[in-house]
Q: 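First the structure, then my questions, so here it is.
Owing to the predicted nature of the structure, the values given are computational and were not obtained by experimental measurement. The figures here come from the full heavy-atom set of this structure, side chains too, leaving out hydrogens, waters and symmetry mates.
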Amino acid sequence: MSIPEITFGHSLLTSRTLYVSDLDGTLLNSHSIVSDASARMLNTAIASGAHFTVATARTPATAIHLLSEIDMRLPGAVMTGAALFDFSSSRFSRLQYLPAGEADRLIRLYREAGVGTFIYTFTGDRLEVYHTGELNQHEKTFLSERCHSAVKHFNVPADGESILPPSLDNTLLLYGVQPWSKAESLYRRIKEDKYAVTPLCYHDSLGDEWGELEMFGPYTSKASAIESVASDMGAGRIVAFGDNINDLPIFRMADCAVAVGNARAEAIEEADEVIGTNDEDAVASFILKHIR
């Protein structure tokens, strides 16, 4: 039995369409929250049968709070797809670790390059986070805003140099905020030397002079994580919303890629459709329009 298509701009919807949204810069407004209007519209759409989830670079620790007013019934992709997280049960699944020994190799390289990084490991019920190198001001702010959570614990002293556990084979992610020149240089070296990881380096809300540098296990992406959610629920169509280059893999696999109006040029170029900005409740409006 074939699954009917969505006709965009009209009120036709298959019950097995999965809507998936990025958070920062997309569903979240410029104040980094889900507006009351967006929450109301999404809950109305979900109650009417829409299948909605998120794919975010954030960990569950902050995503839980940000999505607390939305009736999240499906697991979401967190840490850019390094894991799925069930918001109703607070359980992790589909964990994508770096290969054994690769985190140790990378940390040696980071130290040689004078680049600090947070190290996200998983213990079985929560994330344990460490850090190597001196904390810059952006990393201090990042740490201060995230230090209290039931699903994440930071083991980071004031000088930034954590005592690392004996084994880092349960590492899900290396994440750092560094001056763009240092971040991009290290990213290119890791790409050229073909480490067994999925590296990402991109500008975000801190400005073009800063870069976010991330290392994941091989084949880790928002796209692969969301494909598993779609498969589990029997979705025949995926509509993805995003704004940045780490959304490009999910844009390329989605049946319809939708960029918000404030998206980076790379995301707009890849999108099938461009809607209003994240300050205009554009994602929630789009979903509600097509569920009615």
Q: Dump the intermediate steps for side chain to side chain contact (heavy atoms under 4.5 Å, CB included) on Asn43 and Ile70, then the final yes or no.
A: CA-CA 6 Å; Asn43 285 333; Ile70 300 173; 3.8 Å; yes
Q: Tell me if the aromatic rings of Phe52 and Tyr19 count as close, with their centers under 6.0 Å from one another.
A: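 Not close enough - the centres of the two rings lie 6.0 Å or further apart.
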Q: Only counting residues at least two apart or in another chain, list the ones meeting side-chain hydrogen bond (donor to acceptor under 3.5 Å, both in side chains) with His153.
A: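 By the side-chain hydrogen bond (donor to acceptor under 3.5 Å, both in side chains) rule, His153 matches Glu128, Asn155.
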Q: How about Trp210 and His203: are their ring centroids closer than 6.0 Å?
A: no
Q: With side chains defined as the heavy atoms from C-beta onward, is the minimum distance between Leu84 and Arg91 less than 4.5 Å?
A: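 With C-beta onward as the side chain, the pair stays apart.
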Q: Hey, is the main chain of Pro99 close enough, under 3.5 Å, to the side chain of Asp169 for a donor-acceptor pair?
A: no
Q: Are Phe122 and Phe92 close enough that their ring centres sit under 6.0 Å apart?
A: yes
Q: Quick one: does any side-chain atom of Thr53 pair with a main-chain N or O of Pro75 as donor and acceptor, under 3.5 Å?
A: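 Yes.
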Q: Could you tell me if the side chain of Leu288 sits less than 4.5 Å from the side chain of Thr44, heavy atoms only?
A: yes
Q: Side-chain donor-acceptor pair under 3.5 Å between Asp125 and Thr123, yes or no?
A: yes
Q: Check whether Thr220 reaches the backbone of Gly217 with its side chain - one donor and one acceptor, N or O, closer than 3.5 Å.
A: yes
Q: Tell me, do Met253 and Ile226 make a side-chain contact under 4.5 Å, heavy atoms counted?
A: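 They are in contact (side-chain heavy atoms under 4.5 Å apart), so the answer is yes.
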Q: Measuring from Asn246:CG to Cys201:SG, what's the distance to the nearest 0.5 Å?
A: 11.5 Å
Q: For Glu212 and His138, what are the C-alpha separation, side-chain angles and deciding distance, and is it a side chain to side chain contact (heavy atoms under 4.5 Å, CB included)?
A: CA-CA 11 Å; Glu212 299 193 37; His138 290 304; over 6 Å; no
Q: Return yes when atom CD of Glu69 has more than 12 non-hydrogen atoms of other residues, nucleotides or ligands closer than 6.0 Å, and no otherwise.
A: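 For Glu69, atom CD is not crowded (no more than 12 foreign heavy atoms under 6.0 Å).
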Q: Is it true that a side-chain atom of Lys182 and a backbone atom of Gly114 form a donor plus acceptor pair closer than 3.5 Å?
A: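 It does hold such a pair.
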Q: Grouping I, L, V, M, F, W and Y whenever their side-chain heavy atoms are under 4.5 Å apart, do Val20 and Phe251 come out in a common cluster?
A: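 Looking at the clustering, Phe251 is in the same group as Val20.
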Q: With distance as the sole test, does Asp159 use its side chain to make a donor-acceptor pair with the main-chain N or O of Glu161 at under 3.5 Å?
A: yes
Q: Calculate, to the nearest 0.5 Å, the distance between atoms CZ and CG belonging to Phe216 and Leu173 respectively.
A: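 Those atoms lie 5.0 Å apart.
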Q: Working to the nearest 0.5 Å, report the span between CG of Leu200 and CG of Leu213.
A: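 Nearest 0.5 Å value for the CG-CG distance: 9.0 Å.
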Q: Can you give me the closest heavy-atom contact between Leu18 and Ala235, atom names plus distance?
A: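 For Leu18 versus Ala235, the nearest heavy atoms are CB-CB, 4.0 Å.
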Q: Taking Asp279's backbone N and O only, do any of them form a donor-acceptor pair with Thr277's side chain (distance below 3.5 Å, no angle check)?
A: yes
Q: Between Glu214 and Tyr202, what is the shortest heavy-atom contact and its length?
A: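 Where Glu214 meets Tyr202 most closely, the heavy atoms are OE2-OH, 3.0 Å.
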Q: Regarding Lys222 and Thr80, do their side chains bring together a donor and an acceptor under 3.5 Å, going by distance alone?
A: no
Q: If you define the side chain from C-beta out and look only at heavy atoms, does anything of Phe85 sit under 4.5 Å from Ser93?
A: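 Heavy-atom side-chain distance check fails, nothing below 4.5 Å.
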Q: Within the side chain of Arg252, is there an N or O that forms a donor-acceptor pair under 3.5 Å with the backbone of Asp247?
A: no
Q: Start with the C-alpha gap between Leu27 and Asp22, add the side-chain angles, then the distance that decides, and say whether side chain to side chain contact (heavy atoms under 4.5 Å, CB included) holds.
A: CA-CA 6 Å; Leu27 184 61; Asp22 172 52; over 6 Å; no
Q: State, without any angle test, whether Ser35 and Asn29 hold a side-chain donor-acceptor pair at a distance under 3.5 Å.
A: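 Result is no, nothing qualifies.
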Q: Taking Val34's backbone N and O only, do any of them form a donor-acceptor pair with Ser38's side chain (distance below 3.5 Å, no angle check)?
A: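 No: the side chain of Ser38 does not pair with the backbone of Val34.
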Q: Taking all non-hydrogen atoms of both residues into account, name the closest pair between Ile268 and Gly261 and its distance.
A: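 The answer is CD1-O, 4.3 Å.
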Q: May I ask you to decide whether Glu184 forms a salt bridge with Arg188, counting only side-chain N to carboxylate O separations under 4.0 Å?
A: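 Yes, charged N to carboxylate O under 4.0 Å.
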Q: Say whether Ile107 and Val129 are linked into one hydrophobic cluster, either directly or through other cluster members, by side-chain heavy-atom distances under 4.5 angstrom.
A: no
Q: What's the shortest heavy-atom distance between Pro199 and Lys191, and which atoms?
A: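 Taking every non-hydrogen atom into account, CG-CD, 3.5 Å.
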Q: Run the numbers on Val260 and Val283 for side chain to side chain contact (heavy atoms under 4.5 Å, CB included), then give the verdict.
A: CA-CA 8 Å; Val260 286; Val283 170; 4.0 Å; yes
Q: Out of curiosity, does Ile275 fall in the hydrophobic cluster containing Leu42 (side-chain heavy atoms, cut-off under 4.5 Å, transitive links)?
A: yes
Q: Indicate the atoms forming the closest heavy-atom contact of Leu95 with Ala83, along with that distance.
A: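 Result for this residue pair: CD2-CB, 3.9 Å.
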Q: If you round to the nearest 0.5 Å, how far is OG1 of Thr117 from CG of Leu106?
A: 9.0 Å
Q: Check Lys152 against Arg126 and note the closest heavy-atom contact, atom names and distance.
A: N-CB, 4.3 Å
Q: Inspect the contact between Arg189 and Asp193 and indicate whether a charged nitrogen and a carboxylate oxygen are less than 4.0 angstrom apart.
A: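 The answer is yes: the pair qualifies as a salt bridge.
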Q: Is any NZ, NE, NH1 or NH2 atom of the basic residue among Glu269 and Arg264 found under 4.0 Å from an Asp or Glu carboxylate oxygen of the other?
A: no
Q: Check whether any side-chain heavy atom of Arg73 lies under 4.5 Å from a side-chain heavy atom of Asp71, and answer yes or no.
A: yes
Q: Does Ser231 use its side chain to pair, donor to acceptor, with the backbone of Ser228 at less than 3.5 Å?
A: no
Q: When you compare the side chain of Met215 with that of Tyr110, does any pair of heavy atoms fall below 4.5 Å?
A: yes
Q: Could you give the distance from CD1 (Ile287) to CG (Asp281), rounded to the nearest 0.5 Å?
A: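 Between Ile287 CD1 and Asp281 CG, I get 11.5 Å after rounding to 0.5 Å.
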Q: Consider only side-chain heavy atoms of I, L, V, M, F, W and Y, link residues closer than 4.5 Å, and tell whether Leu127 and Leu168 are in one cluster.
A: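 They do not share one cluster, since no chain of ILVMFWY contacts under 4.5 Å joins Leu127 to Leu168.
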Q: Atom CG in Leu109, atom CD1 in Ile190: separation rounded to 0.5 Å?
A: 5.5 Å
Q: Is the distance from the ring center of Phe154 to that of Tyr130 below 6.0 Å?
A: no
Q: Would a 4.5 Å heavy-atom cut-off, applied to side chains only, mark Val239 and Asp255 as touching?
A: no
Q: Decide yes or no on side chain to side chain donor-acceptor pair (under 3.5 Å) for Gln96 and Tyr219, but give the supporting numbers first.
A: CA-CA 9 Å; Gln96 305 292 299; Tyr219 316 115; over 6 Å; no
Q: Is a side-chain donor-acceptor pair under 3.5 Å present for Asp86 with Ser88?
A: yes
Q: Answer whether the closest heavy-atom distance between the side chains of Thr17 and His51 falls below 4.5 Å.
A: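 No. Closest side-chain heavy atoms not under 4.5 Å.
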Q: Does Phe241 share a hydrophobic cluster with Leu248, counting links as ILVMFWY side-chain heavy atoms below 4.5 Å and allowing steps through other members?
A: yes
Q: Check whether Asn136 reaches the backbone of Gln178 with its side chain - one donor and one acceptor, N or O, closer than 3.5 Å.
A: no
Q: Could you check, using the six-membered ring where one of them is a Trp, whether Tyr175 and Phe142 have ring centers closer than 6.0 angstrom?
A: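 So the answer is yes for these two rings.
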